[in-house]
Amino acid sequence: MFSSKLLLVLATLLVGNVVEGLWPLPRSITNGSTGLVLSPTFEIEVNGPYPDDLQSAVARTLEYIKNDNHERLVVGRGSVDSAAIKSANTLPSLVVFSHDSKTIAVEARAPLGTRDEAYTLDVPSDGSPATLCANSTLGLFRGLTTFSQIWYTYGSNIYTVEAPISISDSPAFPYRGFMLDTARNYFPVDVIKRQLEAMSWVKQNVFHWHIVDSQSFPLVIPGYETISSNGAYSTDEIYTPSQIADVVSFANERGIDVIPEIDTPGHTSAISTAFPQHMACPDASPWALYANEPPSGQLRIASPETVNFTANLLVNAANLFSGSYFSTGGDEINTKCYSDDPETQSALNASGKTFAQALDDFIQAEHKALRNVGKTAVVWQELVLTFPVTLANDTIIMVWITSSDAASVVEKGFRIVHAPSDYFYLDCGAGAWLGNATAGNSWCDPFKTWQKAYSFDPYANVTESQRDLVLGGQQALWTEQSSPNNVDSIVWPRAAASAEVFWSGPGGNGQTALPRLHDHAYRMIGRGIKAIALQPQWCALRPGKCDLTA
């Protein structure tokens with residue numbers, strides 16, 4: 001079997017200029033240099049089962065193709081293709097061969113490793129219909145996404161100059177995600193949906209929603225509504241059950257699973273606004289002694305009442321989400337908070353347990369409750385490396401502190417998701433958010449460029465026999481300094497870098513990828529995403545001319 005890196009190299013050797021518009025890079029692609037124009041009556045025909053969300057995906061694809069108005073990024077733009085357009089054949093239709101009656105949404109939230117996202121796409125140059133084939137509607141959706149990226153506009157013409165095109169494609173990794181923190185600052189549903197839409201364009205398939213934290217608790221949980229009533233920033237800055245259902249449905253229909261996170265036992269101070277009896281060191285001062293961020297406060301892990309309260313809270317929250325996974329966090333637990341909390345110390349003494357034993361029991365109770373409602377637990381790396389607790393073998397571990405920690409986690413036999421701060425944290429490099437931070441640096445400086453993320457090798461710290469434990473990875477936005485006003489430019493197009501690493505496989509050439517990423521960013525902007533510029537437009541129109549050695 002070929003490695004992911006070798007497959008990517010082979011695909012690159014087979015590719016002509018068509019890759020300038022495709023992101024992520026297909027695993028295998030061949031193309032020519034013939035012009036082809038879409039017929040004014042172009043349509044997408046579906047042969048076979050045609051569930052509702054596939055119909056919607058087809059309609060969106062047609063809308064993108066007809067309304068992108070995206071000209072090629074070359075000097076002279078579309079005018080350089082006028083001769084090729086004039087002599088081009090016309091493509092009458094794309095014929096989609098559907099073999100699966102399940103919806104995209106159902107397939108999007110299937111367990112990791114069971115989702116079939118493969119497809120083949122053929123676009124002939126002779127005027128006969130293009131064809132898209134897949135064994136699943138999810139695969140068809142990925143193929144429609146690729147098809148929408150092929151086309152450019154000049155005048156009244158929608159065209160390519162790279163026909164014929166033949167693509168056989170599937171992802172290298174089953175987990176390709178983006179994490180958004182909606183607790184430090186609140187993000188309305190329409191802003192979240194905009195990120196989900198952009199994620200679908202780069203074939204990301206997991207939205208890790210860090211929905212609550214110490215600063216605010218915007219999630220309205222049935223039976224625990226007082227937490228959001230007291231702990232959200234305002235009554236307008238909440239996520240109701242109907243809004244959660246809306247976001248989850250929107251994501252699933254775009255091939256994206258939603259993994260919610262309620263971080264425990266740390267990062268829970270907001271809960272004390274409604275249930276103070278369950279909180280150790282609530283709002284203790286100075287906060288830096290008791291927490292990584294203010295306000296301090298952690299769930300009382302040694303209290304049987306708090307253990308039951310937390311398990312029931314998580315179950316009621318988990319029932320709002322249709323996917324198979326739920327994150328209970330577990331990062332940045334502060335031991336001083338517990339050692340200075342009289343109630344916790346009394347409970348430990350009464351039970352005869354150590355802190356480590358109480359934490360182990362607390363986590364096991366959470367995960368047992370989640371498993372009883374069909375959820376697999378996801379946690380941060382500390383519960384394996386810093387405060388090791390008893391975890392089920394199928395628990396997914398997110399490696400975040402540094403990329404080198406992956407080796408220690410997979411050595412213990414756990415599946416991992418790469419989310420390392422040294423490659424994938426989108427908030428780094430903006431300066432510290434602390435009020436008296438005169439040095440002006442953030443803890444994870446420098447700024448993580450798209451090139452840094454693109455250079456990531458998911459297999460760098462694992463052995464050949466451990467590779468099956470690597471599920472994929474995600475880029476993350478912690479939002480101390482982000483809001484709906486700047487989220488697009490902070491995330492895009494940088495988050496597209498990891499999307500290609502985990503779809504196409506590691507080993508891509510950043511220099512040759514840059515023109516494609518430029519192209520994709522310009523297309524995103526045309527679709528309403530306020531993506532940041534990667535270079536002056538002069539450079540985007542002249543690939544390679546802005547290299548230092550040019």
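Hydrogens, waters and symmetry mates play no part in the numbers below; they use all other heavy atoms, side chains included. This is a predicted model, so every value here is computed, not measured.
- Of the charged side-chain nitrogens involved, at least one lies within less than 4.0 Å of a carboxylate oxygen, so that Glu117 and Arg176 count as a salt-bridged pair.
- A cation-pi arrangement is absent between Lys448 and Tyr425, since the terminal nitrogen or guanidinium carbon is not both under 6.0 Å from the aromatic centre and inside a 45° cone about the axis.
- When all heavy atoms of Gly177 and Ser498 are compared, the pair lying nearest together is O-OG, 4.5 Å.
- Inspection of the His210 and Thr182 side chains reveals no N or O donor paired with an N or O acceptor under 3.5 Å.
- Cation-pi geometry between Arg60 and Tyr64 is not met at under 6.0 angstrom from the ring centre and within 45 degrees of the axis.
- Under the 6.0 Å cut-off for aromatic ring centres, Tyr175 and Tyr325 do not qualify, their centroids lying 6.0 Å or more apart.
- Proximity of His520 to Trp201: side-chain heavy atoms (C-beta onward) are separated by under 4.5 Å at one or more points.
- No side-chain heavy atom of Trp23 sits less than 4.5 Å from a side-chain heavy atom of Trp503.
- Between Arg516 and Glu500 there is a salt bridge, since at least one side-chain N of the basic residue sits less than 4.0 Å from a carboxylate O of the acidic one.
- Between Val247 and Leu196 the shortest side-chain heavy-atom distance falls below 4.5 Å.
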Discussion item. As a quick check of understanding, evaluate side-chain contact (heavy atoms from CB on, under 4.5 Å) for Ile396 and Leu471, giving each step before the final call.
Written reply: CA-CA 9 Å; Ile396 296 173; Leu471 294 175; 3.8 Å; yes
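- Tyr290 and Tyr338 have their aromatic ring centers separated by at least 6.0 angstrom.
- Taking a cutoff of 4.0 Å between a charged side-chain nitrogen and a carboxylate oxygen, Asp361 and Lys353 qualify as a salt bridge.
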Worksheet entry | Chi angles and distances behind the side chain to side chain donor-acceptor pair (under 3.5 Å) call for Lys203, Thr146 | CA-CA 9 Å; Lys203 300 184 175 71; Thr146 299; 2.8 Å; yes
Worksheet entry | His278/Glu305 under side chain to side chain donor-acceptor pair (under 3.5 Å): CA gap, chis, key distance, verdict | CA-CA 8 Å; His278 297 301; Glu305 292 79 16; over 6 Å; no
For residues 408-415, please give each side-chain donor-acceptor pair under 3.5 Å, one per line with the distance, not counting sequence neighbours.
residue, atom, partner, partner atom, Å
Arg415, NH2, Asp394, O, 2.6

